[in-house]
Every structure is written in structure tokens, then in C-alpha cells.
Chemist: 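Pasting in a structure now, in C-alpha cells, and then I'll have a few things to ask.
Being a predicted model, the structure only gives us computed values, none of them experimental. Every number for a ligand or one of its atoms is a count from 1 in the order of the listing.
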Amino acid sequence: MIYQVYIRSFADSTGDGTGDINGIRSRLAYLRDLGVDGLWVNPWYRSPLHDGGYDVADYRDIHPSFGTLDDAKGLICEAHEHGLRVIVDLVPNHTSDEHAWFVDARNAPPDDPARNRYHILTGKGPSGAAPPNNWSSVFGGSAWERLSDGQWYLHLFDHTQPDLNWSNREVQDEFQDILRFWLDLGADGFRVDVAHGLGKDMSYPDERDKSAEILVSTGIHDHPFWDRDETHTYIRQWRAVLDSYPHDPMMVAEAWVEPDRTPLYVRPDEYHQSFAFDFLGSPWQLDELRKRTARALASAGSVGALPSWTLSNHDVVRHTTRYGLPPGVDPRTWLLDGPHDALDPDLGLRRARAAVLLMLALPGSVYLYQGEELGLPEVWDLSTDVLDDPVWVNSGHAVKGRDGCRVPLPWSRSGPSLGFGDGPPWLPQPASFAGRSVEVQAGNPDSTLELYRSALALRRRLVPTTDEIGWMDIPGILGFRRSDGFSCWVNLSDDAIRLPAGSDVLLRSDPGSGRPALLSPDTAVWFS
Ligand code: NOJ
């Protein structure tokens with residue numbers, strides 16, 4: 001069970017409005033008491049922060065707003081003292097345009113080896129004025145930007161994030177060295193950004209199918225830049241580095257690929273884990289949820305692995321809000337386009353509480369996104385002048401972007417930023433966050449925070465003796481049983497459903513229902 005810390009928004013120790021490493025250190029006891037095994041920290045490197053730190057200027061240094069390398073060492077050490085592991089975010093697909101390599105590339109003449117670390121090409125047309133091909137950036141617009149001497153560089157994300165040329169041995173060596181740098185500092189592993197994007201078709205053909213979007217599996221075979229076979233060569237190099245360390249470090253892939261491609265990433269000499277994004281993307285609907293859950297289990301199982309479940313992260317609309325939207329509404333476009341009165345926040349929260357019991361009952365590992373344990377919703381009504389996500393500008397103000405799930409955490413019911421720090425936070429918190437703060441929820445047995453604490457503690461206690469689950473065919477119920485008698489039911493129907501006579505209820509997502517023998521719609525129960 002890993003807790004994702006979006007560092008800018010977790011805890012601010014300096015009062016500058018931005019979360020930082022020492023803020024995380026001050027809250028380690030909270031994470032330990034929540035019951036997680038470790039934390040994954042979003043990028044903390046030196047960066048111009050054009051994409052929240054996924055634009056790295058120096059992979060071996062910390063952004064001054066987040067702290068220092070000594071702070072990072074201190075965090076790793078103290079986390080270990082609390083029994084928590086620390087996973088660092090590795091960003092290998094692209095650097096920042098302020099990275100020393102790109103500064104060199106920009107200043108070098110065409111054909112200089114410094115340019116070969118990136119994808120820098122001559123454009124089309126008599127004067128090379130047209131981009132080399134039709135590839136699009138997942139943030140919007142062309143994936144090519146022109147240099148002052150007329151050549152073009154590739155950026156699958158923002159134009160400040162030039163893509164590295166992974167066919168270049170120097171790039172491969174550099175990243176193995178970066179891994180060693182953090183492992184030597186005590187890091188326990190890596191979450192690898194855009195894990196499915198490293199290899200590129202070096203003949204740079206036009207994209208035939210332009211349906212590939214950010215954070216959506218492509219499902220396209222032999223795509224010129226997603227999910228290419230050569231990517232696995234680089235993964236194996238990293239795995240060899242990790243395996244040479246005695247403290248058993250791990251790596252987890254952020255690979256938005258079709259479920260039947262996920263096993264390729266978790267073969268024994270590749271990643272230890274890969275997020276089951278197909279499950280994250282499921283609508284709140286019995287057949288879909290069951291199909292996607294079973295598919296993730298079968299696909300990971302085909303290579304002897306288990307899925308890594310997650311419901312939210314810093315890139316998607318928080319699931320409390322997703323589950324409160326009517327069927328068929330795309331949450332990403334809904335943020336801007338509405339209709340906003342279609343949202344039923346109570347329904348969303350009820351389902352989110354059920355969903356976490358489902359997820360925690362499944363075999364595999366689990367990633368929680370900060371704030372979901374408080375039932376935080378997406379802050380969909382952030383005013384457009386505070387938006388920071390490059391998606392907003394790059395989409396020509398058509399897509400609001402990901403800021404609404406990145407609003408700083410409320411720790412207390414009052415204070416300038418509800419306990420996040422001593423000054424105004426970098427993104428404004430809605431007034432409603434006060435009532436969802438840790439201070440308000442802690443100790444209240446009906447709160448979402450206490451539900452998470454109980455569920456995590458129980459999950460630890462009820463370690464399964466087998467990873468096999470047996471599906472139960474009960475109308476309206478997503479249910480399964482383990483051979484040790486542990487069962488999880490989620491009611492996805494519109495009616496209350498009677499629990500089996502004599503069941504010993506361990507935990508339920510609606511503790512206050514007052515009808516212990518019944519399972520209300522959109523709620524879940526663990527029983528034996
Ligand atoms: C995926 C990250 O999670 C996202 O936040 C980022 O914008 C892109 N990769 C590009 O690095």
C-alpha cells in the first residue's frame with residue numbers, strides 16, 4: 001500500500017504556499033498511522049515547473065522550493081525509521097528545456113552529437129519550414145518545436161519538455177547512473193513516468209491514427225511512439241541496476257497501455273509493478289467493473305505478477321467526483337463544460353468509500369492518492385486565472401486540466417491554508433475543505449479517514465494465504481470470496497441486498513446505515 005504524495009500540495013513547512021520535503025517529514029507519523037507501507041513522491045527535482053516538475057532540469061538536485069538534497073536524505077532516513085519506504089519519481093522520456101543537455105543541444109550545430117541526445121530533425125518542405133511529421137503533443141498542438149537555426153525538436157508533452165533519444169547509448173548510461181544516485185541515497189524504488197513512451201520509430205513516419213491522447217491507452221499496434229518493443233531493452237537495463245542493490249528496490253510503470261500489453265512490462269526482468277489504469281477508468285457499473293478487474297488479474301497473472309490498483313492520481317479527476325457524475329459524462333471535459341448541476345457529490349462519496357473497500361480487498365498492490373482518505377472531491381470550479389497545468393494553455397483553453405485534483409490538503413479546520421502551511425496556498429482551497437480536514441475527521445468513526453484507517457489495518461491483518469479469488473454470481477453484486485472465507489461485496493444495484501445469514505461483518509463502507517443485515521446501494525462490505 002503506497003501513498004502518493006503530490007509534494008507541492010501535501011504540507012508546506014516554510015509558509016511560501018508550496019509543499020516541500022520538510023513538510024512531508026512533519027507528517028510521516030500521519031502516514032504511518034494511516035497504515036501505508038510507503039510513499040511515492042512526485043518529482044522534486046530542480047525544474048522550471050512548467051509541468052509541475054515533470055520537466056526536470058537536474059535529476060540529481062532538488063528544487064529550492066521543495067528543499068535540499070540533505071532534506072531528501074533526511075526524509076528517506078526518517079521514513080525508514082517510521083517503517084515507510086520511499087519511491088522517487090523518475091522522468092526518463094523527456095527533460096526540461098533548461099536541462100544542461102538541451103541547452104547544449106540548442107547551441108550546437110546540426111549533426112553535433114549534443115543534438116543526438118534528443119530527437120532533433122530537419123523539417124519538411126524546401127526550407128524545412130514544416131514540421132518533420134504529423135505527430136501531436138498530448139498536451140495539444142504539434143509535437144514539434146522549431147529551433148532558431150531552423151531544425152525541429154520533438155516534445156510529446158509541453159514544448160519545454162524535449163523528448164530524449166533513447167536509442168542513444170549516452171542517454172541509456174545516464175539514466176542508469178541517475179538510478180544509482182538515488183538508490184545510493186537510500187531510495188526504495190521508482191515510479192517511472194511515461195514508461196511506455198521511450199522508444200520511438202526512428203524513421204519518424206506520420207501517425208496513422210491520431211486518437212492517442214494523454215492518459216488514455218492507445219490500443220494501436222506498432223504506434224510510432226507508444227508502447228514500442230525497444231522500450232523493454234531500457235527497462236531491463238534498469239532492472240539489472242536495481243537487482244544489484246541488496247535492499248530490494250522496486251519500480252512501478254506508468255504505462256497507459258491496453259490491458260493485454262501490461263504483462264510485457266511486468267515480466268520477471270522488467271518492472272515489479274504496473275498501474276492497472278483500465279480499472280481506474282471503469283465506470284461505476286457492475287459488468288464493466290467486474291470485467292476490468294478480472295482482466296487486470298488475468299493479464300498480470302499471465303506472467304506470474306499481480307495488478308497494482310489505483311483509483312486516483314494527480315492526472316485524473318478525483319474518483320469521488322467521477323463517481324458522482326451521470327453515466328457517459330467525460331469528467332475531463334465536464335470540468336469546464338458541465339453541466340455542473342449533474343454532479344451528485346453525496347453519491348460520489350458513497351461510491352468512493354465502497355470503491356476503496358473493493359480495491360483493498362483485491363489481490364495485488366494498492367496506490368492511494370493523497371486526500372482520497374479524506375474523501376476530497378475534485379475542485380472543479382477553480383477560477384481559470386489560477387490554473388497552472390500547461391494543458392489549459394496548450395489546449396487553447398478547451399480543457400481545464402489537472403489542477404482540480406492538486407489543491408493543497410486540509411489538515412485543520414482553520415488557519416490561512418487549513419494547516420497546509422502558514423501562508424496562502426499555491427492553489428486556493430474551497431471553504432468546504434475545512435469540514436473534510438484531518439482534524440475534523442480524525443477520531444470520528446463515520447469519517448472517510450477512519451474508514452481508510454480501519455480498512456488498511458484490517459487488510460494488513462487479513463493477509464490472504466492465496467491470491468486466488470472466486471467470483472460470486474449474485475444479481476446486482478460485485479462479489480468475490482477467498483478460500484480463507486474472506487468475502488467482499490459491492491452493491492451496484494438500486495436496491496438494498498440482504499447479506500448471507502450468519503455473516504460476520506468485518507467492515508462496511510456505510511457504518512451508520514442502521515440496517516446491519518442489508519447492504520445499501522453503492523456500498524461495500526467485508527465479511528467472513
Ligand atoms: C505523466 C505524469 O503523471 C504527468 O503529470 C505528466 O504531465 C506527464 N507524464 C508528462 O511527464
Chemist: Can you tell me which portion of Phe139 lies within the under-4.0 Å heavy-atom range of ligand 1? Options are side chain, backbone, both, or neither.
Modeler: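 Only the side chain of Phe139 comes within reach of ligand 1.
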Chemist: Between Asp227 and Tyr265, do the side chains contain a donor N or O and an acceptor N or O under 3.5 Å apart?
Modeler: yes
Chemist: Quick check on side-chain contact (heavy atoms from CB on, under 4.5 Å): which of Ile178, Asp58, Val88 does Tyr45 satisfy it with?
Modeler: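 So, applying the side-chain contact (heavy atoms from CB on, under 4.5 Å) to Tyr45 and each of Ile178, Asp58, Val88, only Val88 qualifies.
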Chemist: At a 4.0 Å threshold, what atoms of ligand 1 neighbour a non-hydrogen atom of Arg406?
Modeler: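 With Arg406 as reference, the close atoms of ligand 1 come out as 5 (O).
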Chemist: Show the atoms of ligand 1 that are less than 4.0 angstrom away from any heavy atom in Arg402.
Modeler: 4 (C), 5 (O), 6 (C), 7 (O)
Chemist: Glu254 heavy atoms, cut-off 4.0 Å: which ligand 1 atoms fall inside?
Modeler: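 Selected atoms, number and element: 1 (C), 3 (O).
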Chemist: For ligand 1, which atoms, with element, lie under 4.0 Å from some heavy atom of Val194?
Modeler: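 Ligand 1 atoms under the 4.0 Å threshold to Val194: 9 (N).
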Chemist: Using a strict 4.0 Å cut-off to heavy atoms of His94, name the atoms of ligand 1 that fall inside it.
Modeler: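 Atoms satisfying the 4.0 Å criterion: 10 (C), 11 (O).
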Chemist: We want to know whether Tyr59 and Glu174 form a side-chain donor-acceptor pair, criterion being a heavy-atom distance below 3.5 angstrom.
Modeler: no
Chemist: Of all heavy-atom pairs between Leu264 and Glu270, which one has the smallest distance, and what is that distance?
Modeler: O-OE1, 3.1 Å
Chemist: Name the residue from Trp44, Phe190, Trp238, Phe175 that meets the ring pair (Phe, Tyr, Trp, His ring centres under 6.0 Å) definition with Trp182.
Modeler: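 Per the ring pair (Phe, Tyr, Trp, His ring centres under 6.0 Å) rule, the option paired with Trp182 is Trp44, out of Trp44, Phe190, Trp238, Phe175.
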Chemist: Identify the residue among Arg8, Gln4, Arg406 that makes a side-chain hydrogen bond (donor to acceptor under 3.5 Å, both in side chains) with His314.
Modeler: Gln4
Chemist: Mark up the atoms of ligand 1 that fall under 4.0 Å of a heavy atom belonging to His314, in ascending order.
Modeler: 2 (C), 3 (O), 4 (C), 5 (O)
